[in-house]
Each structure stands twice: as C-alpha cells, then as structure tokens.
There are 2 protein chains.
Amino acid sequence: MGPRLTAYPALRRPARQAPAGRRVVTIRDVARHAGVSPATVSRVLNPSSHPVSARGRRRVLAAAQKLAYIPNLLARSLLTNQTAALGVLIPDVSNPYYAAILRGIEDAVGSIGRTVILCNTDRDPEKQRLYLRALLERRVDGLIIAGGSFGRSESEITGGDLPVVMIGRHPARFPSVRIDNVEAAALATRHLVALGHRRIVHLAGPAVSLTASDRLKGYRRALEAAAIPVEPALIIEVGFTPLRAGAAVRAAFETGRRPTAILAANDQVAIGAIRALHELGLRVPDDVSVVGFDDTPLASYTIPSLTTVAVPTAELGRTAVAMMAVALEGQRVASVVLPCELRMRESTAHPNRRRE
Amino acid sequence: MGPRLTAYPALRRPARQAPAGRRVVTIRDVARHAGVSPATVSRVLNPSSHPVSARGRRRVLAAAQKLAYIPNLLARSLLTNQTAALGVLIPDVSNPYYAAILRGIEDAVGSIGRTVILCNTDRDPEKQRLYLRALLERRVDGLIIAGGSFGRSESEITGGDLPVVMIGRHPARFPSVRIDNVEAAALATRHLVALGHRRIVHLAGPAVSLTASDRLKGYRRALEAAAIPVEPALIIEVGFTPLRAGAAVRAAFETGRRPTAILAANDQVAIGAIRALHELGLRVPDDVSVVGFDDTPLASYTIPSLTTVAVPTAELGRTAVAMMAVALEGQRVASVVLPCELRMRESTAHPNRRRE
DNA sequence: TTGTATGCGTTATCAC
DNA sequence: GTGATAACGCATACAA
C-alpha cells in the first residue's frame, strides 16, 4: 500500500459516470458571444491596466451577463498562485468559545475578499495531520490555527513557507494573537482571595491545552502570592465541557473541609459546577463563589449571572486575520496579546455570607 | 463600472510582488527524481487501473516521500471536474444551534473525503448572493444550505444543476432534511396546555425564518385545538437570541392579566426570559412555566433546567451530507423529516403551583 | 509496462 | 486597442 499520499481517498476514482454533464460557461464562450478574444474578456472582467475600447467592454459585459458566466477560480489560481482561501484549524465549532473566534475570523476574512476552509481537529493529532494535508493540497494562501496540539518545529506544520497565524499560545514559533491566560487566571483568583476565600477549587481544562495549563499556572501563582498553600486535591481536571464538572464538585465538596470557591476552566464548566452545587444544596454565591472564563453570551443571563474573565473571542479572530493580511503581503508580523477583564456579576461574594 | 463580476475584488491585482517565491514540488520533480515519467508518478499516486512495475512504484513512492510532494488539488480539479469541496451556507456559527448542525456536517463531510467551505450569511440577502457566487467560482461539488432566505426558483440559487441539499424548510424546491417545526411547537404547547396553562406567551423567532414561522403556526394550532383564544398581544417577536427576551417579558408580564407560561423560540430566548422573570420576582416554574427549543448543551445545566424540544442538530447535519453523497452519485434524493422529542425538565409545572 | 502528448480554464507576454 | 500563444500542474488517451 505504501504511505497515504493524498487526503482524499474517497475521491480517487471519479464517481460512477464522471459528472461529465456539468458543462459550464467558459471565458471562450463569452468571447465568442461577444465577438472578441478571450484575452479581451479577461481584461474587461479583471481590473487590468490594459486598455479596452468602450464598445468592446460593453459587448463583453453584455455577453457575460447573458450567459451567466462564472469564472473558474481554480484555473485562475493555477496561474496566479493565489487561491483566495484561508485554512482554519479549530478543535470544535460546537464549543461556543471557538465558535465565537471562528465568527470573528469569518467576518474579517470576508472583508479581505477571501473564504474560509474549515476543519475540526478535535485536538486529535491524526485528524490534524490529515486536515493539514488537505489544506495544503488545496493550496490555501495561509493558515489560521486555534487550539490543538501542534509540535514545536515550523516545518512540521507547513512543510514550507506558508503564512501561519496562531490563536492562543502554541509551542510552534509562529506569530500569534492571544490573551495572557496566566495573568487572567491570576486576576480571577485574586478576586476570590480579595473576597476572603482561601479554599479555592480549580476545575481545570484538558492538560494537553496550553490555555488550560496557563490558567492553572495563574491560579497557583495568585495563591502563592497570597501565601495560601496550593492543595493538589483542590485541582481537578474536567476539560472544557460541563460533563465532568458535577463529579468533580461532588468529590471536592462532599468530603473533608469544604471549599468556599471555584475557579472554573471556562463558563461551561462554571455552569456545570453551579448546577452540581445546587443539587448538593449549596447556594451560589452564598455558600460557594464561582468564577468562569470567556464571558460566553449566556454568562450574563444565567441565574446567578456569572462572574467571569471576559476573553475578546471575536477580536482574537479578527486580529488573526489582520495579521494574516500583512503576512500575505510578505511582511513580517509581530505577535499580539489582547487584554482581558474581569466582569463581576452575581456568582461571587464573601465566603460564609450566610452563616449556617 | 458595470456589474461586479467576481466575488473576490480584493484579489484582482496580485499582491505587491507576486508571492512568486513559493516554489512547490510538482509531479515532474518527483518523476525526474524517480527516473520515470510524470504519467507513471500519477499512476502510482492515484489508484489507477493502469499497471506499474513494482520497482517503478517503489522509486516513485520514495521520491515523493523524500521531496515531501503534495499534489495540487486545483490542477487535478481542473481536469476531473471535482473539487472535493462542499459549500456550506449558514446564518451564524456563533449561534449554538447552527454550530451543532455545522459540527454534524463537518464530521460527515470528512468521512466522505471532502472539506467544507464555510460562509456566514447573517440572513443578509446581499451576503448570500456574494458568498454563493464565491462558492460557484470555487466550483464546489455541492451546496448545503441551512437557514437564510433563499427564493423559490432553483436557478436563482445555483444557476444550474449543482447538487443542493437544504437543512430546514425553504421555499426553494431542493431536497431537504428538517424537523416538523409546526408539530414540534404544537407538542410543546400541548404540554403546557395539559399542565393547565391557558395564557401562554410565545416569544417568536425572526419573521423571515420559516423555522420561526412554523413554530408560531404550531403554537397557534395547539391553542386552537384546545379552544384557547390566540391573543396577538401574547405573540412577541424577539429573534433567536436572548437580547430582546427581557423587554418582551416585561411587556407581557408587567401589565394586564399575567400569563402563566412562555413558549420560547429557542433555548437561548428561554434562558433570557427566565432571567427577566427572575428580575421581576417571578419564579420558574412556580409562577411561570417556560419551554425552550433545541435542547442546547447547556439546557440541562441551567437552574432550573430547561424543558425543551430536542432537535437532533448534529443528525440534521450528518443526514444532509448523506443525502449529498447520493446526489453526488447522480441519483435523485428524497427529503427527510427527522423526529423531535419533548424533554421534560424543571422549567415547567402546573400553573399557580405557589398561591400568592 | 512505459512515455508522449493533449487539454482542463485562466491570465500574462508578446506581437500586431 | 486587439489577439494569438504559452504556461500553470495534473490525469488520461494513445502510441510504443
């Protein structure tokens, strides 16, 4: 068999009967119809510096309109070495955090006249490899990568000199736009400490995620700065979804000295945690304070509304595209760190606000 | 100026200095390196019926490996008339409903060896037109359309015979996969009626959405079937986000005879409504019952958890792709209606459960 | 079993 | 101001 050399196994053999039928209008049809040469048509339809007579222009436009001519971008790309497409690698669109980033990307990409080719990696190295390959076969103009676990070496990713912009911190040395997750998590933790909390649970994101490990680091740092011992038992990995938050909360709150606060890996985990506390008969924020991360759209509508670190998700996406735009001009681009802010809402308060 | 004839204005003129540099390995390089002809390389790398000697095969594979050859899909597509890409038109990825559908699409598309080219239309007709054009220029193999407002005529969409699958009901006569929103909304409404509610507010989705108007129709129908008068004042359009739910709730609950239940356009609206009720001092479900739509991931974690109509979003996406797969084989494909179910949780109860 | 030649739909270069 | 012509990278019909 040998190594798999293309990302499109299913398409190797064309469909039963080649979809031959689909005969499409070409530039020659337009030319013929307008009584000019294909070259003239091309010059009219593209903003060429080459002069064209008013009459020729009129006829071409009319013919193109009438035949409903749609230029073949593939053919053009073959010639120009530009595909007007950007590849986007993201762990999971159904995660609102990445969905928001993607939305920012999509908007900005449209404004620079390009389109997005999307791939969900699930943080699965094999999928990453395969999709990356597919994107390269498509000759995308550039790559925007958010999340996932890519190795350090640049060539490992592109195998060459394709412009790449990363969203979030990555081992690879590409320009990136990100927030300072260490500081952001420290900020949130300090808020809890300032309120008087000393036993603070951290429901951590997946260990493979640098974002998650940075947040963990910020948590640790803030505690140490406040001379509060970091207890390993209070750090529980639950990922970025609410699924495992419940079990973690029960583990932390049903035995031993009860903690008074939770720093969640993100808003979804926070919501899952609040739910679990509710089922244990513990009130938020009266008995336990909870801080989320990301400021998801729903964070201000939940009951109680969520105190959370607002991450400028759409802005991350837009910035990545802006950086890509300059990279595409062949210029070097510097990394960017966007600011976060703590949005204080109802889910945090002084500990033991309600004495038992 | 004349009409705009391409969707990529920004790319008309190539970048400052053509990104010329990016010289890539071609099939000829591999051929030369392996000491064979390009034809042989092609035959080895593609599962061709044409015989190739074991030795030749070995040499080609080795050369391809060594040169890190990545075939140019554009060139291949030009020849085969297949791009291995599917265009997906969606109103808004950051809406969890569409994000879930997209996820389903993405997964299935991967399994048939294709990639997704994504466009957010925002339900904006101009954007729809532009993106559609872009997708056609890219010569996508097919189109999957969810949401949005497309006209009735088929040719209006594709201008030809491109396979199209719709998700949700659309005026256009393409095969579609959808749920029966009329019945689903009626189901939810009947649930409220069965509990004893008679003054039921409907916070409706955007009027342009057929999904929204179907849900409204189901609400009406269920009320009429129960001989409950439909009061226009109880039907308030708020869209599919929580933003305007608050104002609508205040309008409906602060004056006149107080309603006892809400049928929300979707879960996000439901969550927004519950928040607003909470701020008015009304308890859910004690004072007011609320039913959502979609069964968003968070619906079972909110407090109270949401009674909602579960829509098989990912399944909608996967089914659309399955239908597309047969359409791509040139066969006709029939529309599909997927079942919904009511998930009863904490947000609904008998009216006046708590007497004032 | 191998290689040569042709063409997919464009745009750029050149000659007119 | 216009039109041939070549080339982009590949897959295939055909010749050897």
Side-chain angles (χ1 to χ4, degrees), chain A residues 5-6 8 11-14 18-20 22-32 34-60 64 67 69-84 136-139, chain B residues 5-6 8 11-14 18-20 22-32 34-60 64 67 69-84 136-139:
Chain A
L5 281 164
T6 176
Y8 300 100
L11 293 182
R12 282 319 193 42
R13 189 164 302 285
R22 238 152 66 206
R23 170 88 182 105
V24 180
V25 180
T26 77
I27 199 170
R28 293 157 98 113
D29 300 321
V30 178
R32 195 161 27 233
V36 298
S37 75
T40 301
V41 175
S42 175
R43 293 197 266 256
V44 170
L45 266 29
N46 301 352
S48 155
S49 60
H50 209 95
V52 176
S53 70
R55 177 171 163 285
R57 181 176 305 274
R58 239 189 359 257
R59 299 190 54 128
V60 167
L67 299 180
Y69 169 63
I70 295 183
N72 186 327
L73 209 61
L74 276 51
R76 175 189 295 174
S77 293
L78 206 52
L79 221 38
T80 62
N81 257 315
Q82 295 215 60
T83 53
L136 294 180
E137 291 186 358
R138 281 233 144 66
R139 298 295 191 264
Chain B
L5 282 164
T6 177
Y8 299 99
L11 293 181
R12 285 317 194 43
R13 190 166 298 287
R22 236 150 71 206
R23 171 89 182 106
V24 180
V25 179
T26 79
I27 199 172
R28 294 157 96 113
D29 299 322
V30 178
R32 195 161 26 232
V36 299
S37 75
T40 302
V41 175
S42 174
R43 293 197 265 257
V44 171
L45 265 30
N46 302 352
S48 153
S49 60
H50 208 95
V52 176
S53 71
R55 178 173 163 285
R57 182 177 305 273
R58 240 191 355 259
R59 301 191 53 130
V60 167
L67 298 181
Y69 169 63
I70 295 183
N72 185 328
L73 210 60
L74 276 50
R76 174 189 295 174
S77 295
L78 208 51
L79 227 36
T80 62
N81 257 315
Q82 294 215 62
T83 52
L136 294 180
E137 291 186 357
R138 280 231 148 65
R139 296 296 189 264

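Quick caveat: nothing in here was measured; it's all calculated off a predicted structure. Heavy atoms only: backbone and side chains are in, while hydrogens, waters and symmetry mates are out. Every chain is numbered from 1 and lettered A, B, ... according to where its sequence line falls, protein lines coming before strand lines.
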Ignoring backbone atoms, test whether [X] places a side-chain nitrogen or oxygen under 4.0 Å from the OP1 or OP2 oxygen of [N].
X       : N      : answer
A:Asn72 : C:dC8  : no
A:Tyr69 : C:dT10 : yes
B:Asn81 : C:dC8  : no

Enter the distance from [X]:[atom1] to [Y]:[atom2] here, rounded to the nearest 0.5 Å.
X       : Y        : atom1 : atom2 : answer
B:Leu78 : B:Arg139 : CG    : CZ    : 9.5 Å
B:Leu73 : A:Ser77  : CG    : OG    : 11.5 Å
B:Arg43 : B:Ser49  : CZ    : OG    : 9.5 Å

Taking only nitrogen or oxygen atoms into account, show me every contact under 3.5 Å that the protein makes with nucleotides 1-3 of chain D, one pair per line with its distance.
unit_1: D:dT2; atom_1: OP1; unit_2: A:Ser53; atom_2: OG; d: 2.8
unit_1: D:dT2; atom_1: OP2; unit_2: A:Ser53; atom_2: N; d: 2.7
unit_1: D:dT2; atom_1: OP2; unit_2: A:Ser53; atom_2: OG; d: 3.2
unit_1: D:dT2; atom_1: O4; unit_2: A:His50; atom_2: NE2; d: 2.5
unit_1: D:dG3; atom_1: OP2; unit_2: A:Ser37; atom_2: N; d: 3.1
unit_1: D:dG3; atom_1: OP2; unit_2: A:Ser37; atom_2: OG; d: 3.4
unit_1: D:dG3; atom_1: OP2; unit_2: A:Thr40; atom_2: OG1; d: 2.9
unit_1: D:dG3; atom_1: N7; unit_2: A:Arg43; atom_2: NH2; d: 2.6
unit_1: D:dG3; atom_1: O6; unit_2: A:Arg43; atom_2: NH1; d: 3.2

In terms of heavy-atom contacts, A:Tyr69 and A:Leu45 come closest through CE2-CD2, 3.6 Å
Output the rounded distance in Å from [atom1] ([X]) to [atom2] ([N]).
X        : N      : atom1 : atom2 : answer
B:Glu137 : C:dG9  : CD    : P     : 15 Å
B:Arg32  : D:dC10 : CZ    : P     : 12 Å
A:Leu45  : C:dA12 : CG    : C1'   : 16 Å
A:Leu79  : D:dA6  : CG    : C1'   : 10 Å
B:Arg58  : C:dT1  : CZ    : P     : 14 Å
A:Leu74  : C:dT10 : CG    : P     : 10 Å
A:Leu78  : C:dC8  : CG    : P     : 14 Å
A:Arg76  : D:dA7  : CZ    : C1'   : 17 Å

- Expected output: side-chain A:Arg76 to main-chain A:Gln82 donor-acceptor under 3.5 Å: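 Such a contact is absent between A:Arg76 side chain and A:Gln82 backbone.
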Check: If only atom types and distance count, is the side chain of A:Asn72 paired as donor or acceptor with the main-chain N or O of A:Leu74 below 3.5 Å?
Finding: yes
- Message: So B:Thr26, base contact, sugar-phosphate only, or nothing? Heavy-atom distance under 4.0 Å.
- Response: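 Since only primed, P, OP1 and OP2 atoms lie under 4.0 Å of B:Thr26, the category is sugar-phosphate.
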Test side chain to side chain contact (heavy atoms under 4.5 Å, CB included), reference B:Pro38, set B:Ile27, B:Thr26, B:Asp29, B:Val30, output is B:Ile27
